[in-house]
Amino acid sequence: MIKLAPSILTADLGHLDDQIRAAEAGGADYIHLDVMDGQFVPPITFGPLVVEAVRRATTLPLDVHLMIVDPERQFEAFAEAGADIINLHVEATPHIDRLLRRLHALHKRAGVCINPGTPLSAIEEVADVADQVMLMAINPGWGGQKFLPAMLDKLQRLRGMLDARGVRPDVEVDGGVKANNIAACVAAGANVLVCGSSVYNREASPRENLRNLRGAAEQVSVRP
């Protein structure tokens with residue numbers, strides 16, 4: 001099933017409750033939170049306290065993306081704050097297998113993330129441990145970046161690798177997902193789509209944008 005995960009990175013944080021309710025009204029499946037520490041990526045965003053606040057504002061699953069160095073020092077705080085899915089970058093730790101298994105022990109869904117320039121082989125050995133594999137379709141950091149077209153081929157190869165190993169984690173795409181490319185992402189193998197500036201913008205309400213995105217994504221499944 002296709003799942004839409006609006007990211008609050010481009011939301012109006014001064015009216016976060018309203019922004020989350022608007023996403024819920026539009027049929028969001030998750031709320032996505034981009035945590036950045038100013039080291040793994042240049043920007044700094046927020047920490048566990050914001051995750052706690054979002055947890056109080058919604059019953060939707062919280063899909064937390066940790067773009068931080070040494071995630072082994074921090075991930076338990078995000079689990080305690082109410083995250084349901086915690087996504088860790090393979091580039092950020094030499095202990096990705098251990099951390100994914102620790103997340104399971106904490107009764108959380110465990111996600112592994114991979115940057116555009118990182119080969120798929122970096123996650124092959126933990127594909128059977130992860131509940132979700134996130135492919136970055138931009139170089140992580142700032143919101144509003146354009147989707148890197150070469151990531152569609154990488155997405156197809158990722159899906160092929162997972163199928164060959166006989167594992168079926170969710171495949172999430174994060175970065176530059178818009179109404180004009182979301183169907184291509186689904187066709188290439190994604191079933192979870194992170195949508196930031198394509199949901200929170202001045203062109204339409206989050207509710208309208210999410211409905212348009214879902215309509216575009218579902219064209220793949222209804223095509224004969």
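In this chain, numbering begins with 1 at the start of the sequence shown.
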Q: Measuring from atom CE of M134 to atom NE2 of H65, what distance do you get when rounded to the nearest 0.5 angstrom?
A: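 The NE2 atom of H65 is 4.5 Å from CE of M134, to the nearest 0.5 Å.
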Q: Is it the case that over 12 heavy atoms from other parts of the model lie below 6.0 angstrom from the NE2 atom of H15?
A: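 Count not over threshold, so no.
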Q: Does R165 CZ have over 12 foreign heavy atoms under 6.0 Å away?
A: yes
Q: So which atom in L99 and which in P71 form the shortest heavy-atom distance, rounded to 0.1 Å?
A: CD1-CG, 4.1 Å
Q: Return yes if some donor-acceptor pair links the side-chain N/O of S7 with the main-chain N/O of V194 below 3.5 Å, else return no.
A: no
Q: Answer whether the closest heavy-atom distance between the side chains of E125 and V90 falls below 4.5 Å.
A: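 Not touching, per the 4.5 Å side-chain cut-off.
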Q: Hey, quick one: are V41 and I44 part of the same hydrophobic cluster, counting side-chain heavy atoms closer than 4.5 Å, chains of contacts allowed?
A: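 No; I44 is not reachable from V41 via cluster members.
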Q: Taking all non-hydrogen atoms of both residues, which atom of I123 and which atom of L158 are closest, and how far apart?
A: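 It is CD1-CD1, 4.0 Å.
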Q: Indicate yes or no: does K3 engage D63 in a salt bridge with an N to O separation below 4.0 Å.
A: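 Salt bridge absent between K3 and D63.
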Q: Membership question, hydrophobic clusters at under 4.5 Å side-chain separation (ILVMFWY): are V173 and I138 in the same one?
A: no
Q: Compare all side-chain heavy atoms of L148 with those of N139 and state whether any distance is below 4.5 angstrom.
A: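 In short, these two side chains touch, coming nearer than 4.5 Å.
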Q: Do you know which two heavy atoms are closest between L103 and L88, and how far apart they sit?
A: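 The pair with the smallest heavy-atom distance is CD1-CD1, 4.0 Å.
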Q: In Å and rounded to the nearest 0.5 Å, what is the CD to CG distance from E208 to L210?
A: 10.5 Å
Q: Side chain to side chain contact (heavy atoms under 4.5 Å, CB included), that's the test. Do D29 and I2 meet it? Break it down for me.
A: CA-CA 9 Å; D29 299 288; I2 295 168; over 6 Å; no
Q: A110 and H104: which non-hydrogen atoms are nearest, and at how many Å?
A: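 So the minimum-distance heavy-atom pair works out to CB-NE2, 3.8 Å.
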Q: Working note: N87 + D174, criterion side chain to side chain contact (heavy atoms under 4.5 Å, CB included); need CA distance, chi angles, decisive distance, verdict.
A: CA-CA 11 Å; N87 303 281; D174 185 1; over 6 Å; no
Q: Considering only heavy atoms from C-beta outward, does the side chain of I114 approach that of K154 to under 4.5 Å?
A: yes
Q: Can you list, pair by pair, the side-chain donor-acceptor contacts under 3.5 Å of residues 73-86, counting residues two or more places apart and other chains?
A:
from, atom 1, to, atom 2, distance (Å)
E76, OE2, R102, NE, 3.0
E76, OE2, R102, NH2, 3.3
D84, OD2, R55, NH1, 2.7
D84, OD2, L62, N, 2.8

Q: Keeping N181 on the side-chain end and G176 on the backbone end, is there a donor-acceptor pair under 3.5 Å?
A: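 Flag set: sc N181 to bb G176 pair under 3.5 Å.
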Q: Evaluate the criterion side chain to side chain contact (heavy atoms under 4.5 Å, CB included) for residue pair I8 and F46; output intermediate values, then yes/no.
A: CA-CA 11 Å; I8 65 167; F46 45 74; 4.0 Å; yes
Q: Would you say Y200 ends up clustered with V51 if hydrophobic residues are merged whenever their side chains have heavy atoms under 4.5 Å apart, either directly or through other cluster members?
A: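 Yes, same cluster.
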Q: At what distance, to the nearest 0.5 angstrom, does CZ of R98 lie from CG of L100?
A: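 R98 CZ to L100 CG: 12.0 Å, rounded to 0.5 Å.
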Q: NE2 of H32 to CG of L9: how many Å apart, nearest 0.5 Å?
A: 8.5 Å
Q: Determine whether a donor-acceptor pair (N or O, by modelled atom type, separation under 3.5 Å) exists between the side chain of D97 and the backbone of V126.
A: no
Q: Keeping the roles fixed (side chain from D170, backbone from Q132), state whether a donor-acceptor pair exists under 3.5 Å.
A: no
Q: Checking the side chain of N115 only, and the main-chain atoms of G117 only, is there a donor and an acceptor separated by less than 3.5 Å?
A: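 The answer is no, because no donor-acceptor pair under 3.5 Å joins these two groups.
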Q: Between CE of M136 and CD of E172, what distance do you get to the nearest 0.5 Å?
A: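 Answer rounded to 0.5 Å: 9.5 Å.
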Q: Look only at the side chain of T10 and the backbone of G196, and say whether a donor-acceptor pair between them is shorter than 3.5 Å.
A: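 Flag set: sc T10 to bb G196 pair under 3.5 Å.
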Q: When you group the ILVMFWY residues by side-chain heavy-atom contacts below 4.5 Å and let the links chain together, are L16 and V199 in the same group?
A: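 Linked, V199 and L16 end up in one cluster.
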Q: Please answer: with hydrophobic residues joined when any side-chain heavy atoms are less than 4.5 Å apart, are L162 and L193 in the same cluster?
A: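 Yes, it is one cluster - the side chains of L162 and L193 are joined through contacts under 4.5 Å.
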Q: What's the shortest heavy-atom distance between T45 and M36, and which atoms?
A: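 Smallest interatomic distance, heavy atoms only, reads OG1-N, 2.8 Å.
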Q: Using only atom types and a distance under 3.5 Å, with no angle test, would you say the side chain of D131 pairs donor to acceptor with the backbone of G111?
A: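 A pair under 3.5 Å: no.
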Q: Any donor and acceptor pair, going by atom type alone, linking the side chain of D17 with main-chain N or O of I20 inside 3.5 Å?
A: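 Looks like no, no N/O pair under 3.5 Å.
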Q: F40: what forms a ring pair (Phe, Tyr, Trp, His ring centres under 6.0 Å) with it, not counting sequence neighbours?
A: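 For F40, the residues satisfying ring pair (Phe, Tyr, Trp, His ring centres under 6.0 Å) (neighbours in sequence not counted) are H89.
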Q: What distance do S197 atom OG and N209 atom CG have between them, rounded to the nearest 0.5 Å?
A: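 If I round to the nearest 0.5 Å, the distance is 9.5 Å.
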Q: Please find the pair of heavy atoms, one from G175 and one from A137, that lie closest to each other, and give the distance.
A: O-CB, 3.4 Å
Q: Got a donor-acceptor contact below 3.5 angstrom from the R214 side chain to the G27 backbone?
A: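 Yes, the answer is positive, given that a donor and an acceptor are paired below the 3.5 Å cut-off.
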